[in-house]
Amino acid sequence: MPDLLLTLLPADLSLWTAGVLVASSFVTSAISAAFGLGGGLVMLALLAATLPPAALIPVHGWVQLGSNVARAAMMWRNIQWALVPGFVIGTVAGVALGGQIVVSLPPAYMQLAVGLFTLWTLVATPPRWLRYAGWLSGLVSSFLTMFFGATGPFVAAYLKPRKMARHDQVATHAMFMTFQHGLKVAMFGILGFALAPWIGFILALVLSGVAGTWAGKLILSRMSDRGFHRVLSVVLALVALRLVYMAGRALLAG
């Protein structure tokens, strides 16, 4: 049985490591479903420790696509559809632009920008035009996701000032990220990423993530809107500080 499972994994990825990552996909998807974000960045860090750099962002994109599709499908009634078209227009432009220069910009600068922007939205009131410019959020976050993958905090920072009900916030965020990750993985396919060796591993991660999303939805249902937004602020702050720390360490290392 172990030998059969190994045939479904990419080369140099052990069964033990794959098992840990599959279990992590469940946990991180539950975190994202319960609090709106956070799981994607944790999953990115775990994948970065084990996958080759060329596969990191595409594989993470597929995993996040599966998780967000599941979350959006489970809460489709709560999606604020009026916000979707502008974000999608910006997303198409951002992915196209990012795909042109994905190899030429250091991810550390992008991480620093997202981290500082997110912290700013927590301590200040963003201008009204920025809070309601869905196309700009789609453009910037989709451009950034081509470089380091986890731009959920940026999108959540755009949605948070609207003070939506907790299910609306999580569902709309999931719909946004579904479009973003879907277009991203399509662009990486155009750029030449070889998906075939990773299909079995990605499928296992996605199925585990769907189960985690269901568990997270149950947690979300037990929270109040006020409690959700308090937790969301804390999670956003922690994620933003982590991004700033990682960017600073990378830049200082030269």
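We number each residue from 1, following the sequence as shown. Predicted model only: the values in this text are computed from it and were never measured.
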Does [X] belong to the same Ile/Leu/Val/Met/Phe/Trp/Tyr cluster as [Y], with side-chain heavy atoms less than 4.5 Å apart forming each link?
{"X": "Trp81", "Y": "Met164", "answer": "yes"}
{"X": "Leu195", "Y": "Phe188", "answer": "yes"}
{"X": "Leu203", "Y": "Trp198", "answer": "no"}
{"X": "Ile199", "Y": "Leu207", "answer": "no"}

I need the minimum non-hydrogen distance between [X] and [Y], along with the two atoms involved.
{"X": "Ser221", "Y": "His167", "result": "OG-NE2, 3.5 Å"}
{"X": "His60", "Y": "Met43", "result": "CD2-C, 4.2 Å"}
{"X": "Val170", "Y": "Met75", "result": "CG1-CE, 3.4 Å"}
{"X": "Ala215", "Y": "Phe26", "result": "CB-CZ, 3.9 Å"}
{"X": "Ile31", "Y": "Gly39", "result": "CG2-N, 3.9 Å"}
{"X": "Leu205", "Y": "Val63", "result": "CD1-CG2, 3.5 Å"}

What's the separation between atom [atom1] in [X] and atom [atom2] in [Y], rounded to the nearest 0.5 Å?
{"X": "Trp16", "Y": "Leu21", "atom1": "CH2", "atom2": "CG", "answer": "11.0 Å"}
{"X": "Leu251", "Y": "Met246", "atom1": "CG", "atom2": "CE", "answer": "12.0 Å"}
{"X": "Trp214", "Y": "Leu218", "atom1": "CH2", "atom2": "CG", "answer": "6.0 Å"}
{"X": "Lys217", "Y": "Met74", "atom1": "NZ", "atom2": "CE", "answer": "8.0 Å"}
{"X": "Asn78", "Y": "Leu220", "atom1": "CG", "atom2": "CG", "answer": "9.0 Å"}

Tell me if a side-chain donor or acceptor on [X] pairs with a main-chain N or O of [Y] at a distance below 3.5 Å.
{"X": "Ser29", "Y": "Ser25", "value": "yes"}
{"X": "Ser67", "Y": "Gly209", "value": "no"}
{"X": "Arg71", "Y": "Thr213", "value": "no"}

Considering the options Thr91, Leu65, Asn68, which one meets the side-chain contact (heavy atoms from CB on, under 4.5 Å) requirement together with Met177? Asn68
Decide yes or no for Trp62 and Val59: does some side-chain heavy atom of the first lie under 4.5 Å from some side-chain heavy atom of the second? no
Parallel, tilted or perpendicular: which fits the ring planes of Phe87 and Phe176, with parallel below 30° and perpendicular above 60°?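 Parallel: the ring planes of Phe87 and Phe176 meet at under 30°.
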